[in-house]
Amino acid sequence: MRAVLEIRRWRRNPVCRATDRHEAWVALAALLLMLLAAPVLGWKTGSLTDGALQRTVRAQHAQRHLTAALVVRAASGTSRFAQDPETAVTDGSMRTPVVADWRAPDGTARTGTVSTASRKTAPGTRIRIWTDDLGHPVMRPMDIPTAHTHAALAGIGAALLAVGLTEIARRLVVWRMMQRRYARLDRAWAEVGPDWGRTGTGS
């Protein structure tokens, strides 16, 4: 930032090296990219992600159906997906596997092992599960707020990534400029170094 703020003063400074001005311009360009390009990229990424997720939400709600199931007995081991929307819990919370009966959208009777977050799992208890068009248990469809949240996180991530890559690029450019500066100094020293301090060399 100091280099950026002193660009104008450096331009009028007769002892300022050209590389100093170049480094300042690189810093200014990087700053503008971080302040302008990165937010635009983040907004665009979030917008595109939100559009894609909204289409996914509509497709899932069209293809998945909320169905009433009747608990037959408790079960153990791995179960298929099921979720009572009124007793939804966060991932990692306890879900109980049960054997249940339900009907597919076409009326076909189905029986299988599903899991529910409901605390009432006694035989004969009714729970609600999500099924696909064939009546197979599936995950609860994504809702609109969740889609918006994922899209916002994607946009923020894209913006932060752009800022990070810009800073990395700036550091690489400045490092390369420093290497070239040191190389020129080494060449200049190699030309005058052997004669430095000798009588009659003008040094």
Side-chain angles (χ1 to χ4, degrees), residues 1-64 78 81 83 88-93 95 138-203:
M1 287 297 295
R2 181 180 301 176
V4 173
L5 295 176
E6 293 183 353
I7 287 179
R8 186 173 181 179
R9 180 176 63 84
W10 283 358
R11 292 180 62 184
R12 299 180 179 180
N13 190 340
V15 298
C16 177
R17 297 169 298 187
T19 53
D20 293 330
R21 292 191 294 268
H22 295 162
E23 290 177 14
W25 283 114
V26 169
L28 177 60
L31 179 62
L32 292 177
L33 287 175
M34 292 179 185
L35 295 180
L36 301 177
V40 171
L41 177 62
W43 175 84
K44 188 65 175 178
T45 301
S47 178
L48 293 175
T49 303
D50 186 66
L53 290 177
Q54 294 304 322
R55 291 191 293 272
T56 300
V57 169
R58 290 191 294 269
Q60 288 184 354
H61 279 272
Q63 298 169 359
R64 301 181 184 186
T78 304
F81 302 113
Q83 181 77 349
V89 293
T90 58
D91 290 339
S93 298
R95 290 184 174 87
V138 293
M139 289 288 291
R140 180 183 181 181
M142 183 184 300
D143 54 27
I144 294 178
T146 301
H148 287 323
T149 300
H150 289 322
L153 292 176
I156 294 173
L160 293 178
L161 179 62
V163 170
L165 292 177
T166 300
E167 176 61 16
I168 291 174
R170 184 194 70 82
R171 290 177 179 270
L172 288 175
V173 171
V174 172
W175 175 80
R176 180 57 181 168
M177 294 172 64
M178 293 291 293
Q179 294 298 313
R180 295 177 61 182
R181 177 192 298 176
Y182 293 150
R184 288 194 297 269
L185 290 174
D186 289 340
R187 289 194 298 269
W189 178 253
E191 293 176 358
V192 303
D195 295 332
W196 183 80
R198 294 182 181 178
T199 305
T201 60
S203 58

Without placing hydrogens or testing angles, list every side-chain donor-acceptor pair under 3.5 Å for residues 147-158, not counting sequence neighbours.
from: H148; atom 1: ND1; to: D50; atom 2: OD1; distance (Å): 2.7
from: T149; atom 1: OG1; to: P145; atom 2: O; distance (Å): 3.0

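Distance CZ/R180 to CE/M177: 8.0 Å, rounded to 0.5 Å. The distance from atom CE of M34 to atom CG of L160, rounded to the nearest 0.5 Å, is 11.5 Å. To the nearest 0.5 angstrom, Q63 atom CD is 10.0 Å from T56 atom OG1. Distance NZ/K44 to OG1/T49: 11.0 Å, rounded to 0.5 Å. Between the CG atom in L36 and the CG atom in L41 there is a gap of 12.5 Å [rounded to 0.5 Å].
When all heavy atoms are compared, the tightest approach of T166 to A30 is CG2-O, 3.6 Å. Counting all heavy atoms, side chain and backbone alike, V57 lies closest to D143 at CG2-O, 4.0 Å.
Applying the side chain to side chain donor-acceptor pair (under 3.5 Å) test to R171 and every residue at least two apart in sequence or in another chain returns E167.
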Next on the checklist: Please evaluate residues H61 and M142 with respect to the criterion side-chain contact (heavy atoms from CB on, under 4.5 Å), reporting the C-alpha separation (whole Å), side-chain torsions for both, the decisive distance (0.1 Å), and the verdict.
Outcome noted: CA-CA 8 Å; H61 279 272; M142 183 184 300; over 6 Å; no
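Taking 4.5 Å as the limit, some side-chain heavy atom of R64 sits within range of a side-chain heavy atom of M139.
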